[in-house]
S.K.: 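This is the structure, below, for whatever I ask next.
We use all heavy atoms of the structure for the numbers below, so side chains are in, but hydrogens, waters and symmetry mates are not.
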Amino acid sequence: IHRQNSATEIELLSGILADGIRSGDFKNISTKECDTLAAAAMTMLRGITAYALLSGGVMADDIQMDVAIDVFVRGLR
């Protein structure tokens, strides 16, 4: 189940990236690079979650997502 959910998340994020490229919001990159970036973003988000849990604190979901998106999108522009 986890593998299927992960693949679905990556597929959705890759589609969002492709839409951002088509609209001119992000750099022009290939479809393969969209898939790689989507996987990297999901890995980063999981890392933020793991860090929060291991450090004894728990970040709210919206804060986790804001941090991940901010770091990720800055690199795409």
S.K.: Sequence neighbours excluded, which residues qualify as side-chain hydrogen bond (donor to acceptor under 3.5 Å, both in side chains) partners of Glu9?
M.R.: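 Glu9 satisfies side-chain hydrogen bond (donor to acceptor under 3.5 Å, both in side chains) with Arg46 once adjacent residues are dropped.
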S.K.: Where do Phe26 and Leu17 come nearest, in terms of heavy atoms and distance?
M.R.: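 For Phe26 versus Leu17, the nearest heavy atoms are CD1-O, 3.9 Å.
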S.K.: Side-chain polar contacts of residues 35-43 - donor-acceptor pairs under 3.5 angstrom, sequence neighbours left out - could you list them?
M.R.:
{"unit_1": "Asp35", "atom_1": "OD1", "unit_2": "Ser14", "atom_2": "OG", "d": "2.6"}
{"unit_1": "Thr36", "atom_1": "OG1", "unit_2": "Lys32", "atom_2": "O", "d": "3.1"}
{"unit_1": "Thr43", "atom_1": "OG1", "unit_2": "Ala39", "atom_2": "O", "d": "2.9"}

S.K.: Not counting sequence neighbours, which residues clear side-chain contact (heavy atoms from CB on, under 4.5 Å) with Glu11? List them please.
M.R.: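 Not a single residue meets the side-chain contact (heavy atoms from CB on, under 4.5 Å) criterion with Glu11.
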S.K.: Going by side-chain hydrogen bond (donor to acceptor under 3.5 Å, both in side chains), name the residues that satisfy it together with Thr8, two or more places apart in sequence or in a different chain.
M.R.: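 If we apply the side-chain hydrogen bond (donor to acceptor under 3.5 Å, both in side chains) test to Thr8, skipping adjacent residues, there are no hits.
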S.K.: Going by side-chain hydrogen bond (donor to acceptor under 3.5 Å, both in side chains), name the residues that satisfy it together with Arg3, two or more places apart in sequence or in a different chain.
M.R.: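 Checked Arg3 against side-chain hydrogen bond (donor to acceptor under 3.5 Å, both in side chains); zero matches.
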S.K.: Please check this pair: side chain of Gln4 against backbone of Ile1, looking for a donor-acceptor N/O pair closer than 3.5 Å.
M.R.: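 Not confirmed, Gln4 side chain does not pair with Ile1 backbone.
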S.K.: Please check if atom CG in Asn28 has more than 12 non-hydrogen atoms from other residues, nucleotides or ligands closer than 6.0 Å.
M.R.: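 No.
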S.K.: Tell me the closest heavy-atom pair linking Ser23 and Gly20, and the distance in Å.
M.R.: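 Closest approach of Ser23 to Gly20, heavy atoms only: OG-O, 3.1 Å.
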S.K.: Taking atom SG of Cys34 and atom CG of Leu13, what is their separation to the nearest 0.5 Å?
M.R.: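 Separation between the atoms: 9.0 Å.
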S.K.: Atom CG of Asp19 and atom CZ of Arg22: how far apart are they, to the nearest 0.5 Å?
M.R.: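 So the gap between those two atoms works out to 4.5 Å.
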